[in-house]
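Working notes, structure below.
The model shown is predicted, which means the values in this text are computed figures rather than measured ones.
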Amino acid sequence: MANKSTRIGILTGGGDVPGLNSVIKSVTYGAGALGRQVVGIRRGWKGLTHLDPADPTNPAYFVELNRDNTRKIDRTGGTMLHTSRTNPRRMAEAKLPKFLSKDQIKKLPFDGKVYDLTSVVIENLERLGIGYLVAIGGDDTLSFAAALSAAGFPVVGVPKTMDNDVRGTEYCIGFSTAVTRARDAIDRQRTIMGSHERIGVFRIFGRDAGFTALYAAYVTGGRCLIPEYPFNLERAIDLLVEDKRNNSSAYSLVVMSEGAMWEQGKIDEVGEADAYGHKKKVNVGEAFARELEKRTGGETMPSDLTYELRSGGPDVIDQVAATTFANIALSLIGDGVSGRMTAVQKGCYTHTILPATSVGPRKVDIATLYDTQRYRPNFSSKIGMPLLFSGDA
């Protein structure tokens, strides 16, 4: 076994996206050149809060990675390490790991509602002999990675999310595949919309940022409604009716971010908040479809394009980005650099500071990327812009 002090740990947190396994494989393969062993932390941050010191190699939370057990994983989607939405800084008493004694619990920071288990995470990392951690995730997962780095543990982040809204990077793993899947799903449903002369309303991921809806509309020619710009309800309906009237197949379509809403409207939230304070939003696509039917008397076809977009393997762009991010992460580790996140800025690969929770998600630049009069992507003024998915990081 390799010297434990040279170990690199790797985990995936939050929702899965295509391309995660490519990062895991590339880190595992590339670490050999650094003379380091890679261990996988299963189930995201939960693997480091719930790993019992009495059983530190419990396969529920720990797996040694090598060329053999990662050789084929990049051919499939999901994450071989599994995932969770665990937030070590905000854990309710009912969810605390069972191995913690009452005395240990009393020593944990407590705000009256939740406990901070950052110290438990660091103790488990040190117990496993992990010298560097590669954390793959979106805003939530990377916000704790930033906290862990601030506490003194070496961390390198890799951004992933279909929303493409991690601050500091123009590209996140999973985004291209999500847009491609959205385009394919919308194109398949054109036959239904046309046969029944309906207006299609496609809800898509994007709680706070409209990148996925924007680029799905870019490649399908549809309208799009995004969280960054509350839309005028009457105008949006008029545009869709106009599109339908001008289409020889008698249908039109709009792609809506889950966080989009019309002026003076409100999206209700339901259920309990997750570990990072997010509640599920009521389906805005269905709400908008009801308004369309009520105001026009015509038929609509609301369609939820959410989990379908994160299923299956990655497309070429995501596989290239995932493999490249993994190798940049390894380069940073080899140079002894930590507290950084792999990134794309101005169309080029780079690295940047790990994003803290306080900076919030990256948003669509309305002035350059969105037509607020026509509720479409802005197709003009593209000379000099990066090839793909441009915007302020």
Side-chain angles (χ1 to χ4, degrees), residues 163-165 179 182-183 185-187 189-190 192-194 196-269 281-306 361-382 389-392:
D163 295 355
N164 206 36
D165 64 351
V179 174
R183 180 205 62 193
I186 290 169
D187 284 349
Q189 294 185 49
R190 289 180 190 273
I192 306 171
M193 290 183 285
H196 296 271
E197 301 179 65
R198 294 172 177 167
I199 296 177
V201 180
F202 296 91
R203 187 182 76 132
I204 202 167
F205 280 115
R207 168 183 289 274
D208 300 303
F211 291 101
T212 314
L214 185 79
Y215 282 92
Y218 199 103
V219 296
T220 60
R223 308 282 176 177
C224 62
L225 304 169
I226 59 178
E228 292 88 344
Y229 193 85
F231 60 94
N232 181 279
L233 185 59
E234 292 292 343
R235 180 165 184 77
I237 291 173
D238 287 346
L239 287 169
L240 289 167
V241 170
E242 175 188 338
D243 289 346
K244 180 181 177 182
R245 183 172 58 248
N246 292 335
N247 185 349
S248 59
S249 295
Y251 74 87
S252 60
L253 67 92
V254 61
V255 186
M256 295 188 73
S257 300
E258 62 180 312
M261 179 45 67
W262 52 86
E263 295 167 346
Q264 286 79 53
K266 180 184 178 183
I267 310 173
D268 292 328
E269 296 182 330
K281 292 183 180 291
V282 170
N283 193 318
V284 68
E286 292 180 353
F288 182 60
R290 287 193 295 270
E291 290 292 332
L292 270 166
E293 293 184 352
K294 181 172 69 175
R295 294 166 186 255
T296 67
E299 292 186 354
T300 63
M301 193 181 80
S303 184
D304 212 24
L305 304 182
T306 49
R362 188 172 74 100
K363 302 293 186 79
V364 170
D365 183 356
I366 296 296
T368 60
L369 298 177
Y370 189 60
D371 186 335
T372 59
Q373 296 300 307
R374 303 295 291 171
Y375 300 147
R376 288 191 187 279
N378 184 352
F379 293 95
S380 63
S381 304
K382 293 295 183 284
F389 318 124
S390 55
D392 183 14

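Here the side chain of Y375 pairs a donor or acceptor atom with the backbone of N232 at under 3.5 angstrom. For D304 (side chain) and T306 (main-chain N/O), no donor-acceptor pair under 3.5 Å exists by modelled atom type. At least one donor-acceptor pair closer than 3.5 Å links the side chain of N378 to the backbone N or O of T368. Remark: the backbone N or O of P302 is not paired with any side-chain donor or acceptor of R198 at under 3.5 angstrom. With R235 contributing its side chain and Q373 its backbone, the two residues share a donor-acceptor pair below 3.5 Å. With E228 contributing its side chain and K363 its backbone, the two residues share no donor-acceptor pair below 3.5 Å. Between the side chain of R203 and the backbone N or O of E286, no donor-acceptor pair lies under 3.5 Å. Here the side chain of N247 pairs a donor or acceptor atom with the backbone of Y251 at under 3.5 angstrom. Looking only at distances, a side-chain donor or acceptor of E258 sits under 3.5 Å from a matching main-chain atom of G206.
Separation of atoms CD1 (I366) and OH (Y229) is listed at 8.0 Å; rounding is to 0.5 Å. To the nearest 0.5 angstrom, L305 atom CG is 6.0 Å from F202 atom CZ. To the nearest 0.5 Å, atom CG of residue D371 and atom CZ of residue R223 are 8.5 Å apart. Note that CD1 of I199 and OG1 of T296 are 5.5 Å apart. Values are rounded to the nearest 0.5 Å. Atom CD1 of I186 and atom OG1 of T220 lie 4.5 Å apart (nearest 0.5 Å).
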Which is it for D187 and R190 under the salt bridge (charged side-chain N to carboxylate O under 4.0 Å, His left out) test, yes or no, and what are the steps along the way? CA-CA 5 Å; D187 284 349; R190 289 180 190 273; 2.8 Å; yes
Could you check Y215 against V255 for side chain to side chain contact (heavy atoms under 4.5 Å, CB included), going step by step and ending with a plain yes or no? CA-CA 10 Å; Y215 282 92; V255 186; over 6 Å; no
Mind running salt bridge (charged side-chain N to carboxylate O under 4.0 Å, His left out) on E242 and R374 for me, showing each step along the way? CA-CA 11 Å; E242 175 188 338; R374 303 295 291 171; 3.7 Å; yes
For M301 and Q189, run side chain to side chain contact (heavy atoms under 4.5 Å, CB included): C-alpha distance rounded to whole Å, both residues' side-chain angles, the deciding distance at 0.1 Å, then the answer. CA-CA 9 Å; M301 193 181 80; Q189 294 185 49; 3.3 Å; yes
Set out, in order, the CA-CA distance, both residues' side-chain angles and the distance that settles side chain to side chain contact (heavy atoms under 4.5 Å, CB included) for D163 and D208, then state yes or no. CA-CA 8 Å; D163 295 355; D208 300 303; over 6 Å; no
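Scanning both residues, A260 and M256, for their nearest heavy atoms gives CB-CE, 4.3 Å. The shortest non-hydrogen separation linking I204 to A182 is CD1-CB, 3.7 Å. Residues Y370 and L225 share a closest heavy-atom pair of OH-CA, 4.0 Å. Closest approach of L253 and G222 over heavy atoms only: CD1-CA, 3.5 Å. Residues S257 and G210 share a closest heavy-atom pair of OG-CA, 3.4 Å. Shown here for A209 and D165, the closest heavy-atom pair between the two residues is CB-CB, 3.7 Å.
One finds a salt bridge joining K294 and E291 here, because a Lys/Arg side-chain nitrogen approaches an Asp/Glu carboxylate oxygen to under 4.0 Å.
Paired with L233 under the rule side-chain contact (heavy atoms from CB on, under 4.5 Å), one option of Q264, R295, E263 passes, and it is R295.
In terms of the ring pair (Phe, Tyr, Trp, His ring centres under 6.0 Å) criterion, residue partners of F288 (sequence neighbours excluded) are, by chain and number, F231.
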